[in-house]
Number of protein chains: 2
Amino acid sequence: MDDKEEAAPRPERRDAAENRQRILGAALRLFDRHGAGQVSMNQIATEAQIGPGTLYRRYRNKSELCLDLMKDNIVLLFDDIEAYLETHRDGSPSLRLRGIVSLFVGFREKKNQLLAGVEESPPANRTRPRALSPLYGQLHEILVAQFEEMSGSAQDNAAVQANAVFKADMLLVALSSESYAAQRDVRGLSPEEIVEQLGLTFFPERD
Amino acid sequence: MDDKEEAAPRPERRDAAENRQRILGAALRLFDRHGAGQVSMNQIATEAQIGPGTLYRRYRNKSELCLDLMKDNIVLLFDDIEAYLETHRDGSPSLRLRGIVSLFVGFREKKNQLLAGVEESPPANRTRPRALSPLYGQLHEILVAQFEEMSGSAQDNAAVQANAVFKADMLLVALSSESYAAQRDVRGLSPEEIVEQLGLTFFPERD
DNA sequence: ATATTAACCGGAGAACTCTCCACTTGATAT
DNA sequence: ATATCAAGTGGAGAGTTCTCCGGTTAATAT
């Protein structure tokens with residue numbers, strides 16, 4: 001997971017690296033100007049002055065491009081989460097869950113455009129159900145651990161584990177762009193209110 | 001909502017009505033053979049022997065077409081739900097919620113293809129966040145009522161109402177095609193297990 | 001019967017996503 | 001230096017969604 005540059009079998013050809021920069025730059029510029037949702041792969045290719053084929057060689061779709069654009073911020077998010085878990089290791093699981101959710105909502109508020117870009121993807125190509133996408137997959141593990149701990153001492157019970165997995169899944173769909181945007185735009189909730197409601201719904205236990 | 005034929009200001013031109021039948025027939029045939037997700041509007045138009053423009057004149061997108069194809073079944077679903085609510089009017093709200101969810105899951109299992117077709121829709125055209133689509137909108141109302149009743153006597157409390165709305169929203173995203181399919185295909189849960197888990201997650205109160 | 005006209009039809013075409021593949025080029029070995 | 005060849009490039013093109021609009025036609029009024 002930590003192979004960024006150098007030490008790889010075939011580092012990357014110079015022209016390829018240059019194109020990658022061009023793509024990233026163009027995408028950033030266009031996303032910034034028109035919003036991630038409105039920008040097409042075509043536009044990005046044109047702006048980067050490369051052919052569509054070249055763009056698709058590197059990023060199978062806009063999702064992957066957006067993900068690459070956020071990579072650093074995602075790492076930061078998980079650092080924050082781990083720090084929070086460390087700090088509150090003696091707190092209740094629901095306290096920790098609230099913290100995680102709050103951190104994620106903060107992240108979403110910053111990178112909403114790109115996050116939505118990551119999640120949107122033509123129904124056909126959907127390789128894996130995004131529950132397994134890197135970001136959500138990693139988050140899922142963390143959430144499951146909290147839910148399991150919340151179930152008291154019977155953590156090795158299969159039913160308890162299954163329910164923890166399920167709850168984590170549900171919390172993640174609740175945090176998906178689609179659902180989150182609906183709460184903001186249709187229901188008119190503030191980020192803080194959303195965090196509050198999620199807590200009431202998924203881990204109402206008192207601290 | 002109950003204007004099917006006759007009594008409308010402009011009934012519908014004869015040729016238009018004929019085309020509608022052709023479209024419905026073609027769609028049904030193709031969906032049945034290749035699955036709703038794989039069939040394009042183009043194919044439907046070709047199969048129905050009409051131009052693409054004619055197809056789009058009637059149905060803005062595949063969503064609407066699928067919805068029209070399910071209209072009757074949706075009415076039946078709500079009839080079932082109302083009957084269930086009537087029968088169990090003295091039961092606990094969580095019992096009723098379980099019943100509703102179970103009924104809906106049964107519906108989904110039958111009409112999964114079409115339901116997915118209704119929900120999938122290109123990100124751009126998304127008129128309203130599907131939380132307001134007829135099917136989900138109506139379901140939402142019913143769910144809210146149950147959640148409110150579940151909160152005991154303080155049903156006029158604004159916070160209680162807000163939370164009921166939120167929980168209903170969350171339950172509905174949990175029942176969306178995307179989430180449901182993931183539980184079935186990725187997690188390998190049976191419909192019954194999904195109903196069970198939804199109960200544990202969203203209304204764990206004992207009956 | 002005839003005229004009127006709103007509804008309807010169909011196909012061209014703009015935009016897109018994504019694939020394929022003939023061609024080019026940079027990195028490596030000799 | 002030169003040959004080699006995988007990696008990289010770009011654009012044609014297949015297949016979609018959806019819009020526009022000139023021409024057509026069925027229902028209604030006269």
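In what follows, every chain begins at residue 1, and chains take the letters A, B, ... in the order their sequences are listed.
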* In terms of side-chain geometry, is the basic nitrogen of Glu12(A) or Arg58(A) positioned less than 4.0 Å from the acidic oxygen of its partner? -> yes

* Structure fact -> Ile50(B) atom CD1 is separated from dC18(D) atom P, nearest whole Å, by 15 Å

* Can you check the Glu120(A) CD to dT17(C) P distance for me, whole Å? -> 9 Å

* Earlier contact from the 5' end, DNA chain D, for Tyr56(B) and Ala16(A) -> Ala16(A)

* Rounded off to whole Å, could you give me the CG-to-C1' distance for the Leu55(B) and dG11(C) pair? => 14 Å

* Asked: Can the positive tip of Arg96(A) be found less than 6.0 Å from the middle of the six-membered ring of Tyr84(A), inside 45° of the ring normal?
  -> no

* Asked: Counting side-chain heavy atoms from CB outward, which of dC18(D), dG8(D), dC18(C) is closest to Asn61(A)?
  -> dC18(C)

* Candidates dT17(C), dA7(C), dT16(D) - which lies nearest the side chain of Asn42(B) -> dT16(D)

* Asked: Per the atom types in the model, does the base of dA7(D) pair as donor or acceptor with the side chain of Arg13(A) at under 3.5 Å?
  -> yes

* Asked: For the pair made of NZ in Lys62(B) and C1' in dC18(D), what is the distance, rounded to whole Å?
  -> 14 Å

* Asked: More than 12 foreign heavy atoms under 6.0 Å from CZ of Arg33(B): is that the case here?
  -> yes

* Quick one: label Glu18(A) by what it contacts on the DNA or RNA (base, sugar-phosphate, nothing), any heavy atom closer than 4.0 Å. => nothing

* Side chain of Ser40(B): nearest nucleotide among dT9(D), dT16(D), dC9(C)? -> dT16(D)

* **Interatomic distance, Asp15(B) CG vs dG10(C) C1' [rounded to whole Å]** => 13 Å

* Which nucleotide, dC18(D), dG11(D), dC8(C), lies nearest any side-chain atom of Arg57(B)? -> dC8(C)

* Just how far, in rounded Å, is P of dT24(C) from CG of Asn19(A)? -> 17 Å

* Asked: Between Tyr59(A) (OH) and dT19(C) (P), how many Å, whole number?
  -> 17 Å

* With no hydrogens and no angle check, do the side chains of Ser190(B) and Arg184(B) hold a donor and an acceptor under 3.5 Å apart? -> no

* Report yes or no: is there a donor-acceptor pair, N or O only, under 3.5 Å between the side chain of Thr54(B) and the base of dG10(C)? => yes

* Is the distance between the ring centroids of Phe202(A) and Phe202(B) under 6.0 Å? -> yes

* Asked: Between dA27(D), dA26(D), dT17(C), which nucleotide gets closest to the side-chain atoms of Met41(A)?
  -> dT17(C)

* Asked: What is the nucleic acid contact for Arg58(B), judged by heavy atoms within less than 4.0 Å: base, sugar-phosphate only, or nothing?
  -> sugar-phosphate

* Asked: How many Å lie between CD on Gln38(B) and P on dT17(D), as a whole number?
  -> 11 Å

* Within the structure, does a side-chain N or O atom of Gln43(A) lie under 4.0 Å from either OP1 or OP2 of dC16(C)? -> yes

